[in-house]
Amino acid sequence: MLLIKYSYFSVYNLPRNMQKAILLLLVFGVLVSCKSIKTHNEQITKLHSVSNIHEDINKVYGQLKRHHPKLYQYTPKPVLDFKFDSLKTSITSPINSREFYRRLAPVVAQVRQGHISLGSANLWYTKKERKQLRKRKLEFFALDFEHLDGKLWVKRTRGKDSSVVGAEVVKIDNDSVSRLVETFKTRFASDGYNTTLHNRFVAKQFSNFYYKDKGYVDSLTMVFKKKDSLFVKIFRRAQKKKITKKKATKKKEKDTTKVKKRERLTSDQKKARRIAAKKRKKYNRTHGYNKGRREYTRNFNIMKGNKDVAYMKLRSFTNGRYKRFYKESFTKLDSAKTKYLILDLRDNGGGRIAEIDYLYSYLAKEPFKFINDSEVNSRIPFLKFLMSKTTPNSLKLLSGMLSPFIVAQNLIQTRKRDGKLYYRFRHTKVKAPKPLRFGGDIYVLINGNSFSASSLISTHLKATKRAIFVGEETGGAYNGTVAGIYKIYELPNTKLKIRMGMMQIEAPQKQNPDGYGVMPDVEILPTIIDRNVKKDPELEWVLKDIEDKR
């Protein structure tokens, strides 16, 4: 609807007959859009015939064979063939899209490649309906969970009710939470045979898995356990309170008072405010502020009471201006003559190759090659990615216009070797460490949610014996993963979407056996008791080890 409003005022000064023509096209577009929402919702809620389900199964497997360069790395072809054939055999009566998701996801997970994901079929909503949904938030989705000691716990909440923090989740409506957890674990994979990712990731994404399984709900009845006592909480989509005329008048008076106060500011005060706002904006960009979670992606500080110890917590390698952050951080390390650096990669799900390549240049002692050439299934992988069925038409149009340049670049960067195709990134070049590289001792904190890019940089640090690893095996594989760019394919009948990586991203170093993550030198598994007393056993071990070295 915003597009319509913007378009209407954009054409307002045009001749009347042209205005009418454009507005008719816009109205037609809205009607088509509404129709597509209705068509989509009917498509995913209806029962699909057995033949249509079988067609979608064949499509999924066909897309994986076509685009995934390491499809049989962990599960041999005969075994995977059998899994998909068995799924077809087991479906003998019509089912809807959500039920098909429940049946298909465990089979796709048998590929054992963590970057493959299957989306459930969820209802689409009109703009008006989405606006109403945003006004009626379900606080269940503000809860953060953790799976410890074989149970699901509430780690924190971004909502108003903190009484559930530290409580075990026993039941949701009529479902046992332990059964839900074990079911959800079958619907995604780690890289290879690793199992540490499952307990961590199922908790991190628990509310998302629940939504995929159940869809939109207006309320949830949850049973919690705290200090051997059970209690019940009902979460409802609460409508925002309407502002009465009296309250609206008070609010207006309050806002007017604020305006008057702002008007009293001197020019110097206003300037100081602008400078402070600009400084805060710069800080947020550099540290990657996540507004939804109210936390920073990148964090750095010299530890209090331990002036020769620095702590760097990286929640991901995604948002923000990372170069400025690392340059500033390692400049401080150099100035402070810091001897020990603690790099916390726990619950870091990965992100940009460029960022970890840049970070590693501050940690390496010798010249290094960060990744090998990436195995691919096409000479034009980027064009395949851009022209996916699910790519927005506007991007497809732009990609089509630029296709001669994209194809030329892809062909230059792609080479055939030993019967396989390889794409060369700029990160395959050998480069020297940064002049401000850190020369002291490094400790790396890892767990099962250390995945993808965080596993890749861990591989380098482990292989070069550059760091001591504390925690548990990473969820991402030591020998690399299939990611880089992604193909997203929508199944024609059930409208489920599957996402798959198209490039093998790996460090030059390898370990045997294949299919496992970076192992800790010191294994430490936190317990719920640690959480309740706000104890960080991995970090405490590191600080004690540093003290012993002193």
Side-chain angles (χ1 to χ4, degrees), residues 286-288 296-315 317 320-346 348 351-371 426-446 450 453-471 474 478 507-509 511 518-522 524 536 538-550:
T286 302
H287 292 74
Y296 289 99
T297 300
R298 296 175 200 85
N299 306 268
F300 173 81
N301 63 279
I302 304 294
M303 300 198 74
K304 293 179 180 178
N306 294 278
K307 297 297 183 183
D308 58 348
V309 182
Y311 175 79
M312 185 179 286
K313 170 67 177 175
L314 304 173
R315 291 189 166 89
F317 299 108
R321 296 178 177 176
Y322 62 88
K323 288 187 179 181
R324 182 184 291 163
F325 171 81
Y326 294 121
K327 187 176 180 180
E328 289 176 357
S329 299
F330 285 96
T331 299
K332 290 176 183 176
L333 284 173
D334 185 65
S335 300
K337 309 296 181 189
T338 307
K339 295 179 181 178
Y340 305 98
L341 172 62
I342 303 169
L343 183 61
D344 192 344
L345 298 180
R346 291 174 296 181
N348 183 322
R352 299 173 286 203
I353 300 174
E355 181 170 346
I356 53 174
D357 183 14
Y358 190 80
L359 169 58
Y360 188 68
S361 66
Y362 281 103
L363 304 175
K365 285 188 172 181
E366 304 289 339
F368 64 94
K369 175 183 178 181
F370 199 69
I371 60 171
R426 60 186 174 87
H427 311 294
T428 59
K429 295 179 181 178
V430 176
K431 61 193 74 173
K434 295 284 185 186
L436 281 174
R437 68 172 182 79
F438 179 71
D441 293 345
I442 302 172
Y443 292 86
V444 182
L445 306 183
I446 52 173
S450 302
S454 60
S455 292
L456 186 58
I457 192 170
S458 294
T459 296
H460 275 277
L461 293 168
K462 183 78 169 179
T464 56
K465 297 181 178 167
R466 187 66 185 90
I468 296 172
F469 286 80
V470 181
T474 62
Y478 185 107
Q509 303 90 344
Q511 73 171 5
V518 177
M519 298 292 181
D521 298 298
V522 181
I524 298 177
D536 188 335
E538 300 101 311
L539 182 58
E540 287 186 7
W541 184 92
V542 170
L543 294 175
K544 185 179 183 304
D545 191 62
I546 291 172
E547 189 60 37
D548 291 343
K549 283 181 179 179
R550 290 201 188 101

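Both backbone and side-chain heavy atoms feed into the values below; hydrogens, waters and symmetry mates do not. Bear in mind that the values here come from a model prediction, so they are computed numbers and not experimental data.
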Do the rings of H460 and F370 sit parallel, tilted or perpendicular, given the 30° and 60° boundaries? parallel
Q.
Can you tell whether the side chains of R550 and E547 come within less than 4.0 Å, N to carboxylate O?
A. yes
Query raised in the report: Are the charged groups of D521 and K462 less than 4.0 angstrom apart, N to O?
Result: yes
Per side chain to side chain contact (heavy atoms under 4.5 Å, CB included), I342 is matched among M312, M303, K313 by M303
**Asked** So, are E328 and R298 salt-bridged, with charged N and O less than 4.0 Å apart?
**Response** no
(Q) Whether the side chain of T474 engages the backbone of V518 through a donor-acceptor N/O pair (distance < 3.5 Å, no angle test) should be reported. (A) yes
Open item on the list: Is the distance between the ring centroids of F330 and Y362 under 6.0 Å?
Closed with: yes
Within a 6.0 Å radius of atom NZ on K369, are there more than 12 heavy atoms belonging to other residues, nucleotides or ligands? yes
Donor-acceptor contact present, side-chain R466 to main-chain A364, <3.5 Å:
no
So that I can tick it off, tell me whether K434 and D334 are bridged by a salt bridge, with the cut-off set at under 4.0 angstrom between side-chain N and carboxylate O. no
- Should we count NZ of K431 as having more than 12 external heavy atoms under 6.0 Å? yes
d(L456 CG, I356 CD1) to nearest 0.5 Å is 4.0 Å
Among side-chain atoms of D545 and Y443, is any donor-acceptor pair under 3.5 angstrom? yes
> For atom NZ of K549, is the number of surrounding heavy atoms from other residues, nucleotides or ligands below 6.0 Å larger than 12?
Replying inline: yes
| message | Applying side-chain contact (heavy atoms from CB on, under 4.5 Å) to Y311 and N299, what does each step give before you reach the verdict? | response | CA-CA 8 Å; Y311 175 79; N299 306 268; 5.8 Å; no
- Message: In terms of relative ring orientation, are Y326 and Y358 parallel, tilted or perpendicular, with 30° and 60° separating the classes?
- Response: tilted
- Message: Looking at R352, I'd like to know if its CZ atom is crowded, meaning that more than 12 non-hydrogen atoms belonging to other residues, nucleotides or ligands lie closer than 6.0 Å.
- Response: yes
